[in-house]
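Taking it in order: structure first as structure tokens, then the write-up.
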Protein chains: 2
Amino acid sequence: MTITIGLVEDHLEFRKSLEYLISSFTDYTVAWSYASVEETIDNYSETDVILLDINLPGLSGLEAIPLFKKKCASQKIIMLTILEDDYHILEAIKNGANGYILKKSSPNKILEAIQQVYDGEAALTPMVARQVMAFLKPVPAQTASPSLLTLREREILTLIAHGMTNEAIAVTLFISVQTVRNHIKNIYDKLQVHSRAQVVVKAFNDKLI
Amino acid sequence: MTITIGLVEDHLEFRKSLEYLISSFTDYTVAWSYASVEETIDNYSETDVILLDINLPGLSGLEAIPLFKKKCASQKIIMLTILEDDYHILEAIKNGANGYILKKSSPNKILEAIQQVYDGEAALTPMVARQVMAFLKPVPAQTASPSLLTLREREILTLIAHGMTNEAIAVTLFISVQTVRNHIKNIYDKLQVHSRAQVVVKAFNDKLI
DNA sequence: ATTGCAATAGCCCAATCAGGTCATTTTTCA
DNA sequence: TGAAAAATGACCTGATTGGGCTATTGCAAT
């Protein structure tokens, strides 16, 4: 059972060396390789993974992601690019890329990324991971609104708003369901509501979430 | 120049095997290792990287992150845990962790993560990367578009999001509770949720309200 | 030292909800 | 006109929630 790979890369030399690299392993096969998105779409067939450059003549790799996903919803795509600014990284992720690795990665890392994405996981080079994490980290939070909820209560409120049941919340926070219940009762009292649906509405309206 | 490492891990056996693993490389040194956050804080000294468990007696690893960062703002921290739900992952990142890897990772991957974080990059195991990326990816706007809900369903969705019970909705719309139930079941199917709390969240996120 | 609050945990009971299956009527539209 | 979709209604069962209690622990401030 070999993993099939599609390549979209306009730099001929790099593309050839990728093909050479991949073909040197019996577990991996290059199903096709093209120099542009347009060309690829015309001749597209599903592969286990597509390695997709971003900076391409015509349509960019970012614009190509939804096109491939439309052709085949489960198509796995790894961005393989020199671009490591957070704009391109985030756009790729938002568009549904399954991995984002840099061309300067070692051949080994590229193969590893393919394997990971093939396995249903995701592949980010450490540099990209750092930027993604920096993006998720909020600016030092200031509590302008002195909430009447305690820390724990707000924590639980967040989990409720994620649609979790009391049981799930208990497991997540390592406390008993009874305790979760009690916190929720207190939240209801303070916010003057009587159901989780209401509490979610209030959380959104009061921007507690 | 060796990389110094601190360990916070309550499972003695696992901690010892980590120490053994790390010490077997001349480039890495275990500067200290403790079984709890409290113990660590009392005896803290800066290391290049801290490997930090989450589920610990007393203070959790998540709560420990800001404490370490306060002691030393540049302290690098890698979460090393069995927990792979997005709540813990995102909380860790929000709190400022520099890496998040799973205990089931191979020794090789753990060492690699240490090196990456030491180099000022970040380390996410592929499974964690997948969840982080999923979090950044907006809900497919066309899949969850209001148009897949019928008029009546959207009407009922709105009332749910106002915190009404099925009974109240039935009275409001002059229909039976059974019918309300049926509509809600269809809404759940279409939006792929399983509770009113979730449906309210979805309604807000998809700007249906 | 005592008071107060937060967090933890338990019990009971009734109300509500979620999921499954089925059936009838009306509307839409190809 | 006939098929498909939408809206209506029902039954049953088990899971979950909401509300009313009590109680212990730890911490912080008075």
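Given the structure is predicted, the values throughout are model-derived calculations rather than measurements. Below, each value reflects all heavy atoms present in this structure, side chains not excepted, and no hydrogens, waters or symmetry copies. Note on naming: letters A, B, ... go to the chains in the order of the sequence lines (proteins, then strands), and numbering restarts at 1 for each one.
- Looking at A/K190 and A/E153, a side-chain N of the basic residue comes within less than 4.0 Å of a carboxylate O on the acidic one, giving a salt bridge.
- A straight line from CZ of A/R196 to P of D/dA15 spans 17 Å, rounded to a whole angstrom.
- Under 3.5 Å, the side chains of A/T125 and A/S105 contain no donor-acceptor pair of N or O atoms.
- Taking atom CD of A/E167 as the reference point, atom P of D/dT17 lies 9 Å away to the nearest angstrom.
- The overall bend of the helix from C/dA1-D/dT30 to C/dA30-D/dT1, read as the angle between its terminal helix axes built from five base pairs each, is 60° when rounded to 10 degrees.
- Of all nucleotides in DNA chain C, those with any atom nearer than 4.0 Å to a heavy atom of chain B start and finish, going 5' to 3', at C/dC17 to C/dT21.
- Residue pairs that meet the ring pair (Phe, Tyr, Trp, His ring centres under 6.0 Å) test with at least one member in residues 166-185 of chain B, sequence neighbours left out, do not exist here.
- Dashed line: the shortest gap from a side-chain N or O of A/N166 to OP1 or OP2 of D/dT16 is not under 4.0 Å.
- A distance of 12.0 Å separates OG1 of A/T4 from OH of A/Y28, quoted to the nearest 0.5 Å.
- Looking at A/R130 and A/E84, no side-chain N of the basic residue comes within less than 4.0 Å of a carboxylate O on the acidic one, giving no salt bridge.
- Note on A/Y188: a side-chain N or O is less than 4.0 Å away from OP1 or OP2 of D/dG18.
- A salt bridge links B/E112 and B/K109; the closest N-O separation between the charged side-chain nitrogens and carboxylate oxygens is under 4.0 Å.
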Using a 4.0 Å heavy-atom cut-off, write out nucleotides 5-12 of chain D from 5' to 3' as B (base contacted by protein), S (sugar-phosphate only) or - (no contact). -SSBBB--
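- Checked against side-chain hydrogen bond (donor to acceptor under 3.5 Å, both in side chains), B/E9 has the following partners two or more places apart in sequence or in another chain: B/K103.
- Listed for the A/T29 side chain is no donor-acceptor partner under 3.5 Å among the backbone atoms of A/A31.
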Carefully, step by step, assess A/E155 and A/R152 under the rule salt bridge (charged side-chain N to carboxylate O under 4.0 Å, His left out). CA-CA 5 Å; A/E155 203 171 6; A/R152 199 55 154 175; 2.9 Å; yes
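- Taking B/D85 as the reference, B/H88 meet the side-chain hydrogen bond (donor to acceptor under 3.5 Å, both in side chains) condition, with sequence neighbours excluded.
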